[in-house]
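Reading through the structure tokens given below for one structure.
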Number of protein chains: 2
Amino acid sequence: MSKSTAAQSCPHNANISCGDCRLSSICLPLSLDTEDIGKLDEIVKKGTQLQRGDTLYKQNGEFCSVYAVRAGAIKAYHIDSGGQEQVVGFYLPGEILGTDGIAGHRYNNTAVALDTTAVCEIPFSQLEQLSSELPFLQRHFFRIMSREITDDQKMLTLISKNTADERLASFLISLSARHAQRQLSGSQFLLPMSRQDIGNFLGLTIETVSRVFTRFRKNLLIDVDGKSVQILNMDGLKDVARIAR
Amino acid sequence: MSKSTAAQSCPHNANISCGDCRLSSICLPLSLDTEDIGKLDEIVKKGTQLQRGDTLYKQNGEFCSVYAVRAGAIKAYHIDSGGQEQVVGFYLPGEILGTDGIAGHRYNNTAVALDTTAVCEIPFSQLEQLSSELPFLQRHFFRIMSREITDDQKMLTLISKNTADERLASFLISLSARHAQRQLSGSQFLLPMSRQDIGNFLGLTIETVSRVFTRFRKNLLIDVDGKSVQILNMDGLKDVARIAR
DNA sequence: CGGCCCTTTGACGATAATCAACGGGAGTGG
DNA sequence: CCACTCCCGTTGATTATCGTCAAAGGGCCG
């Protein structure tokens, strides 16, 4: 894990925009008391920059902080007692990871950077204390965790009830929506993860992922070239995913 | 949903033991300030009794409370936009459900009783407020939600990486462990849910569930007769589930 | 007693896994 | 600069697990 010099200017040296690193990093509503904002910013530690492959935290490592992704992408995976690896999530800018560690005081997953990635560390003990003082923050954190629960449950449905085509279409639509939410193109983006990671996440083999990509390309739903994806027919893709247009 | 007369005596009329309905219902450590216990008990509403098939809350219904199961069993399921139903959890005495509703102010799942079931309602707004005053409670609730997250992630692994045999074996072991935790027999218990529910939960068809049960019976791992299960060879079952003995 | 629902069992088929081979790009070393 | 290797991704052939379709048994309730 390597520290970046750029991160030095964030969040307390306000000479660069640091949107995702501060309040918006945990998706808070914008209309807040400036004093409260100040309190929250105080506990958000200086950002950290990770290189591709760097580990943010390790499964069974002591749980200290949750993290907000500012830039790049993080993969979280769990290795069970049988040695099986399961990718449990990809985290993009604006998203929070690490909450799995609260229950057992140890991280339940390992988090690695898929790209050059910037994160902000939020020490949990301080977050807890501040949550007691700021009701909106407590509520907000409850929501973040609740959201993670419902997301995981959606994944459960996706994997247990849907075909390979439906899973991959849903995955692409989810990535597209998350890009669009950040004011980026929802129709053209890069996949930060490997086919292996996608397959693992979706409960498919790498070969199946590859075949489905090819099938989508032939059907003019998307254009794929390596990590680059362009969605050519979003309605068609939603039909495949069986999601209302 | 029917109110029980027995529940009237709980939790504030102390003439019956009501362990699971009070603090232990959310698995709190026992060594607490009596005043704090009092505060918490005040917000836990009178218990409710449900008959088999009664709905505790409905997907998309307004989120008001989380619930602690005192007796019986609850099934939670989600119906997605495509009409697909996914059982996302079974809740036994001592377990908390409803946290999925926090994020969107609406329940994300529907919860129905599988048996005659007693629950305690915990209004969330009051829980939030009290959590701000009682740090241990806030921490505890964070943990409950974190636990739900890691449990869901385990299910993800189970469904996406394991065979039908492994899934069902893991399921039986989990039920056994949860019974044992409540000082009940871990080797002999009743399944409160149908084969259909088990199959849906584990991402299998009812026929596959039935066949696997039969296979386990033939291999003398368990004895099944309808809803009644007896585990004859726990080590063997753990081997099948690929869980360390 | 009859009907209904849940469960079991059997036969068959389809989806995705497995096994295998190959192509291309990146990095390394001669 | 080129040859080599390694990793990642693609494609093909075959297999296996589980789903689908079908039928029948057993328990419960009216």
Side-chain angles (χ1 to χ4, degrees), chain A residues 51-53 75 84-87 112 114-116 157-172 190-219 221-229 240-242, chain B residues 51-53 73 75 84-87 112 114-116 157-172 190-219 222-229 240-242:
Chain A
Q51 298 305 318
R52 178 188 166 85
K75 160 180 89 165
Q84 277 180 330
E85 184 174 325
Q86 172 71 43
V87 174
V112 303
L114 294 170
D115 249 336
T116 302
T157 308
L158 191 67
I159 290 184
S160 89
K161 302 285 185 293
N162 293 24
T163 63
D165 285 30
E166 290 161 358
R167 292 183 218 179
L168 198 56
S170 294
F171 178 68
L172 291 173
L190 294 178
L191 300 171
M193 70 294 284
S194 67
R195 302 286 192 269
Q196 180 71 63
D197 288 336
I198 296 173
N200 189 306
F201 183 56
L202 296 176
L204 300 170
T205 59
I206 183 176
E207 293 96 328
T208 300
V209 172
S210 179
R211 279 185 248 270
V212 176
F213 268 133
T214 303
R215 207 175 303 150
F216 284 179
R217 185 149 32 83
K218 283 183 182 160
N219 295 341
L221 292 171
I222 61 173
D223 197 10
V224 210
D225 180 22
K227 305 262 186 206
S228 166
V229 172
V240 171
R242 303 201 300 176
Chain B
Q51 298 306 318
R52 177 189 168 86
K75 159 180 89 163
Q84 278 180 328
E85 184 174 323
Q86 173 71 44
V87 174
V112 302
L114 294 169
D115 248 337
T116 302
T157 309
L158 191 66
I159 289 184
S160 90
K161 300 285 184 293
N162 293 23
T163 64
D165 284 29
E166 289 161 359
R167 292 183 218 178
L168 198 57
S170 293
F171 178 68
L172 291 172
L190 293 178
L191 299 171
M193 70 293 285
S194 68
R195 301 287 191 270
Q196 180 71 62
D197 289 335
I198 296 173
N200 189 307
F201 183 57
L202 296 175
L204 300 170
T205 59
I206 183 175
E207 294 94 329
T208 299
V209 172
S210 180
R211 279 186 249 272
V212 176
F213 269 133
T214 302
R215 206 175 305 149
F216 284 179
R217 187 148 31 85
K218 282 182 182 160
N219 295 340
I222 62 173
D223 197 10
V224 210
D225 180 22
K227 305 263 185 205
S228 166
V229 172
V240 171
R242 305 201 298 175

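Letters A, B, ... are given to chains in the order of the sequence lines, protein chains preceding strands, and every chain is numbered from 1. The model shown is predicted, which means the values in this text are computed figures rather than measured ones.
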Where does the chain A footprint on DNA chain D start and end, counting 5' to 3' with a 4.0 Å heavy-atom cut-off?
D:dG9 to D:dA13
At their closest point, which heavy atom of B:Val224 faces which heavy atom of B:Arg217, and how far apart are they?
O-NE, 3.6 Å
Describe the nucleic acid contact of B:Lys161 in one word from base, sugar-phosphate, nothing, applying a heavy-atom distance below 4.0 Å.
nothing
For B:Ile159 and A:Ser160, the nearest pair of non-hydrogen atoms, with its separation, is CG2-CB, 3.7 Å
So what does B:Ser210 hit on the nucleic acid, given a heavy-atom distance under 4.0 Å: a base, only sugar-phosphate, or nothing?
base
With a 4.5 Å heavy-atom cut-off, do A:Gln84 and B:Asn162 have their side chains touching?
yes
Give, for atom CG of A:Asp165 and atom CZ of A:Phe213, the distance between the pair rounded to the nearest 0.5 Å.
11.5 Å
Go nucleotide by nucleotide along DNA chain C from the 5' end; which of B:Ile206 and A:Asp165 gets its closest nucleotide reached first?
B:Ile206
Nearest whole angstrom, please: distance from the P of C:dC6 to the CG of B:Asp225.
18 Å
Steps toward side chain to side chain contact (heavy atoms under 4.5 Å, CB included) verdict (A:Val229, A:Asp223):
CA-CA 6 Å; A:Val229 172; A:Asp223 197 10; over 6 Å; no
What nitrogen or oxygen pairs link the protein and nucleotides 19-25 of chain C at under 3.5 Å?
unit_1	atom_1	unit_2	atom_2	d
C:dC19	N4	A:Glu207	OE2	3.2

Taking A:Ser210's backbone N and O only, do any of them form a donor-acceptor pair with A:Thr214's side chain (distance below 3.5 Å, no angle check)?
yes
Nearest heavy atoms of A:Gln51 and A:Thr116, plus distance in Å
OE1-OG1, 3.5 Å
If an axis is fit to five pairs at each end of the helix from C:dC1-D:dG30 to C:dG30-D:dC1, what is the angle between the two, to the nearest 10°?
30°
Can you check the B:Lys227 NZ to C:dC5 P distance for me, whole Å?
15 Å
For C:dA17, does either OP1 or OP2 sit under 4.0 Å from a side-chain N or O belonging to A:Thr205?
yes
For A:Leu204 versus A:Arg167, what's the shortest heavy-atom pair and its separation?
CD2-NH1, 3.5 Å
Those residues that, when tested against B:Phe216, pass ring-ring contact (aromatic ring centres under 6.0 Å, His included) (two or more places apart):
none
Can I get a per-line list of side-chain donor-acceptor pairs under 3.5 Å for residues 190-201 of chain A, giving both atom names and the distance, sequence neighbours left out?
unit_1	atom_1	unit_2	atom_2	d
A:Ser194	OG	A:Gln196	N	3.4
A:Ser194	OG	A:Asp197	N	3.1
A:Ser194	OG	A:Asp197	OD2	3.4
A:Arg195	NH1	A:Gly226	O	3.3
A:Arg195	NH2	A:Gly226	O	2.8
A:Asp197	OD1	A:Lys75	NZ	2.9
A:Asn200	OD1	A:Val87	N	2.7
A:Asn200	OD1	B:Lys161	NZ	3.3
A:Asn200	ND2	A:Glu85	O	3.1

B:Val209 and B:Leu168: which non-hydrogen atoms are nearest, and at how many Å?
O-CD2, 4.0 Å
Hey, mind stepping through B:Leu114 and B:Arg52 against side chain to side chain contact (heavy atoms under 4.5 Å, CB included) and telling me if it holds?
CA-CA 5 Å; B:Leu114 294 169; B:Arg52 177 189 168 86; 5.8 Å; no
Could you pick out which residue, A:Thr208 or B:Gly226, lies toward the 5' side of DNA chain C when each is mapped onto its nearest nucleotide?
B:Gly226
Less than 4.5 Å apart, any side-chain heavy atom of B:Val212 and any of B:Phe171?
no
Stretch residues 195-203 of chain B: residues that reach within less than 4.0 Å of DNA chain D through a heavy atom
B:Gly203
